[in-house]
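The sequence lines fix the lettering, A, B, ..., with proteins before strands; numbering per chain opens at 1.
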Number of protein chains: 2
Amino acid sequence: MPATSRPTSKDVAQEAGVSQSTVSLVMGGKWTGRVSPATARSVHAAAERLGYRPNPAARNLRLGTTRTVLLMVPTLTAPFFGPVYTGAARVATGHGFGVVVSTWPDDAGTAGGSAEGPFTAPHETIDGILASSLEAAALGEFAGTPAVMLDSGPHGDVPTVDFGVADGMRAIARHLASLGHRRFGHVAAGVDQWTFHARAQALEEVVRDVPGGALLREACEIDVGSAKEAAWRLLARSERPTALVCDDDLIAAGAYKAARARGLAIPDDLSVTGFDDVLLATALEPELTTVRLPAEEMGAQGMTALLELLGGTRPEPRVLPGRLVVRGSTAPPHQG
Amino acid sequence: MPATSRPTSKDVAQEAGVSQSTVSLVMGGKWTGRVSPATARSVHAAAERLGYRPNPAARNLRLGTTRTVLLMVPTLTAPFFGPVYTGAARVATGHGFGVVVSTWPDDAGTAGGSAEGPFTAPHETIDGILASSLEAAALGEFAGTPAVMLDSGPHGDVPTVDFGVADGMRAIARHLASLGHRRFGHVAAGVDQWTFHARAQALEEVVRDVPGGALLREACEIDVGSAKEAAWRLLARSERPTALVCDDDLIAAGAYKAARARGLAIPDDLSVTGFDDVLLATALEPELTTVRLPAEEMGAQGMTALLELLGGTRPEPRVLPGRLVVRGSTAPPHQG
DNA sequence: CTGTTAGCGCGTTCAA
DNA sequence: TTGAACGCGCTAACAG
């Protein structure tokens with residue numbers, strides 16, 4: 001018995017002078033009324049002494065369950081996913097589950113070279129999947145694994161948790177309209193995700209109902225440089241917008257730069273709004289009017305739904321409302 | 001044989017008309033010279049047809065290996081870890097390994113309630129750990145699991161990958177000194193991590209060698225509000241610093257706000273520098289002079305080192321140099 | 001109340 | 001070149 005390898009339940013049994021099954025019962029916590037308190041104590045003591053910890057692989061093999069769920073995100077670089085993870089992990093640990101994070105395969109370059117086989121993906125080493133911000137394309141990828149979709153819009157018959165982005169966008173647009181704005185520029189994320197489609201549509205609806213309302217749109221990548229160019233194009237139009245509605249706080253940062261480059265002061269000459277309310281929103285000058293999305297709550301609700309799903313009941317779709325946060329980047333337009 | 005459960009190697013064997021062991025050999029890729037090419041083909045075909053994929057739990061139990069490594073980070077909210085993950089995942093998949101991310105337990109609130117047992121942590125369901133940005137306190141946590149420490153400084157006998165933060169900070173300080181600055185303010189991260197201790201020390205060294213050099217310091221949390229307050233305190237000193245050296249780009253954002261609140265223009269009245277060169281650095285106005293740290297490279301090198309470690313050889317400590325990126329936030333001091 | 005037994009799916013001897 | 005048998009560590013029947 002080499003001291004290098006960790007102790008097994010058999011070792012604990014021997015140490016405590018009982019059988020493996022007794023150890024299993026005691027460690028599993030379901031011994032009440034089946035094992036005498038005295039032996040239970042001695043088993044615990046032996047386990048403690050040996051530093052015993054059950055082998056998860058064996059456990060998994062036997063039980064078919066791993067008490068681990070996977071949070072899949074498109075990319076780790078977006079500041080949005082930190083809170084989502086925190087929320088999910090909080091409720092997970094409360095139920096004895098662990099959470100691991102991974103990105104969609106192509107992010108890490110599936111063109112790795114070796115590893116043709118299906119060994120790379122952590123599939124099936126987990127009980128369920130929390131899939132966040134899916135591209136409209138991806139789907140069914142995880143055949144048979146219980147999944148909850150986050151921030152991906154209504155989706156067939158799989159349970160979902162979404163933000164009320166349409167309401168959020170409407171709140172922004174109405175805020176701007178009530179300030180007196182009529183000519184809106186939409187700096188749109190050119191990403192094929194439900195949330196951005198929903199934002200665009202909600203904005204259109206509101207502007208359509210504004211007397212004399214006009215909406216211009218330019219698409220960009222979600223990065224500062226690309227956003228700056230898109231905003232620049234918008235500001236170059238003959239009928240220049242007096243307000244730039246950005247699909248994301250980061251895009252708003254690009255809009256700030258475009259405004260500055262054209263000599264436009266925010267909010268006096270141009271109002272700018274963001275979306276998400278990440279750290280960046282208060283790092284900018286002036287601070288950004290945006291919509292706060294309860295990201296941590298989404299993680300928590302998503303995990304709750306997944307736990308229900310694993311428990312056998314189909315969770316209801318959930319929608320989490322955003323909240324308009326008015327800061328210094330919006331004001332009445334310069335000249336009516 | 002319920003259609004719901006996934007096919008096993010036994011099913012494949014039956015389908016192909018061979019024995020389990022043959023399937024195992026073929027799927028394991030080590031059949032050359034032991035199984036006839038014809039049967040190998042038929043096994044592959046059968047596996048394909050059935051959609052067979054080996055059960056990772058059984059594999060792990062038998063092999064004692066899971067081909068998965070864990071990247072542990074203090075928090076997911078820092079934009080720094082995205083690239084680290086990307087780099088690590090890239091080389092991992094190239095070697096048939098998967099990467100999952102998790103945070104240090106207390107982040108998710110170990111005060112979950114239930115789950116006393118040691119089941120929560122994904123320990124031992126992984127082959128190795130990439131531990132990033134450890135607090136000086138944490139250590140040995142992972143007993144026996146091969147680990148590489150990232151961005152945690154020299155550390156006993158465990159392999160490390162670090163940034164050349166001291167050189168980076170020296171580059172910043174010399175840049176400022178050559179511009180003519182003499183009175184430096186250090187807006188320091190009040191976090192007990194090696195990297196910040198190293199930064200502070202390097203800055204002190206350079207300032208000590210500057211004729212007439214003076215160094216003031218205020219500590220803060222790594223968030224905009226706290227950084228703003230610390231910077232504000234520095235700017236309130238009688239001998240006001242002409243340059244604020246910030247431990248982090250986010251802290252620099254706070255310094256920007258403090259400067260603005262005091263009516264100081266950057267860079268004319270005050271130079272500001274950051275560290276890390278994250279997205280935020282170019283979102284600010286003016287863009288931030290900072291030190292770019294090759295985060296993705298750190299992930300890649302760390303994974304390479306871990307793979308070596310798992311292969312049985314002790315990797316050399318690695319140091320990745322940062323690079324000074326001069327942008328618009330630094331200039332000669334107003335009045336010598 | 002406790003011990004014995006069987007088997008989860010796989011990789012690897014050992015014989016044939 | 002292939003197949004039968006064994007055991008990784010664990011849990012859940014079933015005996016005692």
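- Backbone-only engagement by A/Val18 is indicated by non-hydrogen atom pairs under 4.0 Å involving sugar-phosphate atoms exclusively.
- The distance from the CG atom of A/Leu61 to the CG atom of B/Asn60 is 9.5 Å, given to the nearest 0.5 Å.
- What separates CZ of B/Arg67 from C1' of C/dC10 is a distance of 16 Å, to the nearest Å.
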Listing, residues 43-51 of chain B side-chain donor-acceptor contacts under 3.5 Å, not counting sequence neighbours, or none:
unit_1	atom_1	unit_2	atom_2	d
B/Arg49	NH1	B/Glu15	OE2	2.1

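- Residue B/Leu130 is tested with B/Val84, B/Leu306, B/Val73 for a side chain to side chain contact (heavy atoms under 4.5 Å, CB included); the sole match is B/Leu306.
- Taking 4.0 angstrom as the limit, A/Ser19 places none of its side-chain polar atoms (N or O) nearer than this to OP1 or OP2 of C/dT4.
- When the C1' atom of C/dC8 is taken as reference, atom CG of A/Asn60 falls 10 Å away, rounded to whole Å.
- Sequence order on DNA chain C of the closest nucleotides to B/Ala58 and B/Leu25 puts B/Ala58 first from the 5' end.
- The shortest side-chain heavy-atom distance between B/Phe81 and B/Thr103 does not fall under the 4.5 Å cut-off.
- Within the structure, side chain to side chain donor-acceptor pair (under 3.5 Å) contacts touching residues 27-36 of chain B (residues at least two apart or in different chains) are B/Ser36-B/Thr39.
- In this model, the phosphate group of C/dC10 is approached by a side-chain N or O of B/Ser9 to a distance below 4.0 Å at OP1 or OP2.
- Between B/Leu63 atom CG and C/dG9 atom P the separation is 17 Å, expressed in whole Å.
- Atom P of nucleotide C/dC8 and atom CG of B/Asp11 are separated by 11 Å, given to the nearest angstrom.
- Distance CZ (B/Arg59) to C1' (D/dG9): 18 Å, rounded to an integer number of Å.
- Considering only heavy atoms from C-beta on, A/Val26 stays 4.5 Å or farther from A/Val23 through its side chain.
- Atom CD in B/Gln20 sits roughly 13 Å away from atom C1' in D/dT2 (whole-Å rounding).
- The side chain of B/Arg62 places no N or O atom within less than 4.0 Å of a non-bridging phosphate oxygen (OP1 or OP2) of C/dG9.
- For B/Leu61 and D/dG7, the CG to C1' distance is 9 Å, given to the nearest whole Å.
- Between B/Thr22 and D/dG3 there is a side-chain N or O to OP1 or OP2 distance below 4.0 Å.
- Counting only heavy atoms from C-beta on, B/Ser24 has its side chain closest to C/dT12 among D/dG9, C/dT12, C/dC10.
- Side-chain nitrogen and oxygen atoms of B/Ser21 include none within less than 4.0 Å of the OP1 or OP2 phosphate oxygen of C/dT13.
- At a non-hydrogen distance threshold of 4.0 Å, B/Gly33, B/Arg34, B/Val35, B/Ser36 from residues 30-37 of chain B come into contact with DNA chain D.
- Side-chain N/O atoms of B/Thr8 include none lying less than 4.0 angstrom from OP1 or OP2 on C/dG9.
- Rounded to whole Å, atom P of D/dG3 lies 15 Å from atom NZ of B/Lys10.
- Proximity of A/Val69 to A/Phe97: side-chain heavy atoms (C-beta onward) are separated by under 4.5 Å at one or more points.
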